[in-house]
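A short write-up of the structure that comes next.
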Amino acid sequence: MNTLDLDAVQAFVLVADMQSFTRAAEALDTTQSAVSLKLKRLETHLDRRLLERTPRQVRLSMEGQAFLTAARELLAAHDRAWSVLHAPPRRLRVGFSGHIAGASLPALLARVAAHDPALVIEVRVATSAEVLACYDAGQLDAAYVLHHTDRQFERQDGEVLFEDDMDWFGLPETSWAPDEPLRLAMLAPPCGLRTNVIEALDQAGISWLEVFVGDGVSALSAAVTAGLAVGAMGRRAAPSGLVCVRDKLNLPALQPTNVVLYRSVHDERSRSALRVMSATLRAF
């Protein structure tokens, strides 16, 4: 009977989802070459080419697209069978800055659920300061927060994952006359991005008028989507329908931020789920 290597099938699904051997390797805690070897062996075993590889992108072949659904079902069935005896429910409490999670949160949760169906994920989305405070109080097992790259931060217990840009967003038809104050939607203080925005506008000599204050990125996004003002947010947080308006309105660049992970869990199951989360965030 022909059997499939489940590790290779899992690698194939991750590469297909993330369109990257590098991100898939990160999620699997292995090397890019090891993932590539798994995929080559799987293709040889199936006698089919599943992926089209180019220097700039990875995409599924027609046969790879046909195989992907069956591959997901195979992994899900295996996980269900294994979890009956070996994977009792486990709860992982994770906090996200609203600028990090945003519109990418559904895809992130879907990938973690596919990776470990028996894992119960408890999520809190708030400001970086609030998320970090909950983590320090023992209410979260892990925290994804933002730290501005141009400011000193005393803590050394976090892992810097990548640098992320903050930018200006508005509706496609958004306009602004430079002789009038820029209408702004902002988060309530204390907020590092709020400080970043005010400093950038003041240094550029741009007058501004705060017309909306939101308690969270979802409220900020709602105000900008309603056309009340422009707002600064992480690109992952910007909902569909909003566009970057920095160049159009000639607004100053904002200081970049680092996405930092804090974690207090050390068991391999939790660490594995966090690797998938981190790789998924990098892929967006």
Check whether any side-chain N or O of T174 sits under 3.5 Å from a backbone N or O of G170 as a donor-acceptor pair, and report yes or no. no

Is there a side-chain contact between C134 and R124, using heavy atoms and a 4.5 Å cut-off? yes

Determine yes or no for a side-chain-to-main-chain donor-acceptor pair under 3.5 angstrom, with Q203 supplying the side chain and A200 the backbone. no

Look at the side-chain heavy atoms of Ile, Leu, Val, Met, Phe, Trp and Tyr, link any pair under 4.5 Å apart, and say whether L60 and L46 land in one connected group. yes

Can you tell me if R111 uses its side chain to pair, donor with acceptor, with the backbone of D17 under 3.5 Å? yes

Please determine if R41 and D7 form a salt bridge, counting it only when a charged side-chain N lies under 4.0 Å from a carboxylate O. no

CZ/R23 to CZ/R275 distance, rounded to the nearest 0.5 angstrom? 15.5 Å

Inspect the surroundings of CG in D202 and state if more than 12 heavy atoms from other residues, nucleotides or ligands are less than 6.0 Å away. yes

For the CG atom of L251 and the CG atom of L182, what is their distance to the nearest 0.5 Å? 5.5 Å

Straight-line distance of F21 CZ to S33 OG, nearest 0.5 Å: 11.0 Å

Polar side chain donor-acceptor pair, H115 to S272, under 3.5 angstrom: yes

Smallest heavy-atom separation, L68 atom then A16 atom, equals CD1-CB, 4.0 Å

So do the side chains of H45 and D5 get within less than 4.5 Å of each other, counting heavy atoms only? no

One pair to check against side-chain contact (heavy atoms from CB on, under 4.5 Å): L108 and F96. What are the steps and the verdict? CA-CA 12 Å; L108 184 150; F96 294 91; 4.1 Å; yes

Just wondering, do V197 and E199 contact through their side chains at under 4.5 Å, heavy atoms? no

Taking the side chain as every heavy atom from C-beta outward, state whether H99 and R235 have any pair of such atoms under 4.5 Å apart. no

I need the minimum non-hydrogen distance between V13 and A71, along with the two atoms involved. CG2-CB, 3.8 Å

Between L132 and V145, the two heavy atoms sitting closest are N-CG1, 4.3 Å

Might you point out which heavy atoms bring V125 and S97 nearest each other, and give the distance in Å? CG1-C, 4.4 Å

Hydrophobic clustering (ILVMFWY, side-chain heavy atoms < 4.5 Å, transitive) - are L249 and L242 grouped together? no

Going through the checks in order, is the side-chain contact (heavy atoms from CB on, under 4.5 Å) test met by L119 and V112? CA-CA 8 Å; L119 183 67; V112 176; 4.0 Å; yes

For R194, is there an ion pair with E210 - N to carboxylate O distance below 4.0 angstrom? yes

L42 side chain near V9 side chain, heavy-atom distance below 4.5 Å: yes

Hydrophobic cluster membership, with links at side-chain heavy-atom distances under 4.5 Å among I/L/V/M/F/W/Y: are F162 and V276 in one? yes

Q32 and T22: side-chain donor and acceptor closer than 3.5 Å? yes

L209 vs L184 side-chain heavy atoms within contact, under 4.5 Å: no

One should read off an interatomic distance between D157 CG and D136 CG, to the nearest 0.5 angstrom, of 7.5 Å

Is any NZ, NE, NH1 or NH2 atom of the basic residue among R269 and D116 found under 4.0 Å from an Asp or Glu carboxylate oxygen of the other? yes

Ignoring hydrogens and geometry, is there a side-chain-to-backbone donor-acceptor pair from S270 to D267 under 3.5 Å? no

Ignoring hydrogens and angles, tell me if any N or O in the side chain of S221 forms a donor-acceptor pair with the backbone of P239 under 3.5 Å. no

Could you tell me whether K38 and E43 make a salt bridge, using a distance below 4.0 angstrom between a side-chain N and a carboxylate O? no

What is the minimum heavy-atom distance between M18 and A24, and which atoms define it? SD-N, 4.0 Å

Nearest heavy atoms of V217 and L187, plus distance in Å: N-CD2, 3.9 Å

If two hydrophobic side chains count as joined below 4.5 Å and joins carry through other members, does L28 share a cluster with L6? yes

Inter-residue atom distance R246.CZ - M166.CE, 0.5 Å rounding: 12.5 Å

Any carboxylate oxygen within less than 4.0 angstrom of a Lys/Arg side-chain nitrogen, looking at R91 and D141? no

If hydrophobic clusters are built from ILVMFWY residues whose side chains come within less than 4.5 Å, do V265 and M277 share one? yes

Under a 4.5 Å cut-off applied to non-hydrogen side-chain atoms, are M233 and L220 in contact? yes

Dump the intermediate steps for side-chain contact (heavy atoms from CB on, under 4.5 Å) on L161 and V260, then the final yes or no. CA-CA 6 Å; L161 299 179; V260 182; over 6 Å; no

Do R59 and E52 meet the salt-bridge criterion of a basic N to acidic O distance under 4.0 Å? no

State, without any angle test, whether Y144 and S278 hold a side-chain donor-acceptor pair at a distance under 3.5 Å. yes

side-chain contact (heavy atoms from CB on, under 4.5 Å) evaluation trace for D164 with I100: CA-CA 9 Å; D164 196 26; I100 297 173; 5.5 Å; no

Measure from the side-chain N and O atoms of N258 to the backbone N and O of V160, and report whether any donor-acceptor pair falls under 3.5 Å. no

Below 4.5 Å, heavy atoms only, C-beta onward: do L4 and L74 meet side chain to side chain? yes

Please round to the nearest 0.5 Å and tell me the distance separating atom CH2 of W176 and atom CH2 of W168. 9.5 Å

Centroid-centroid under 6.0 Å between F12 and F67 rings: yes

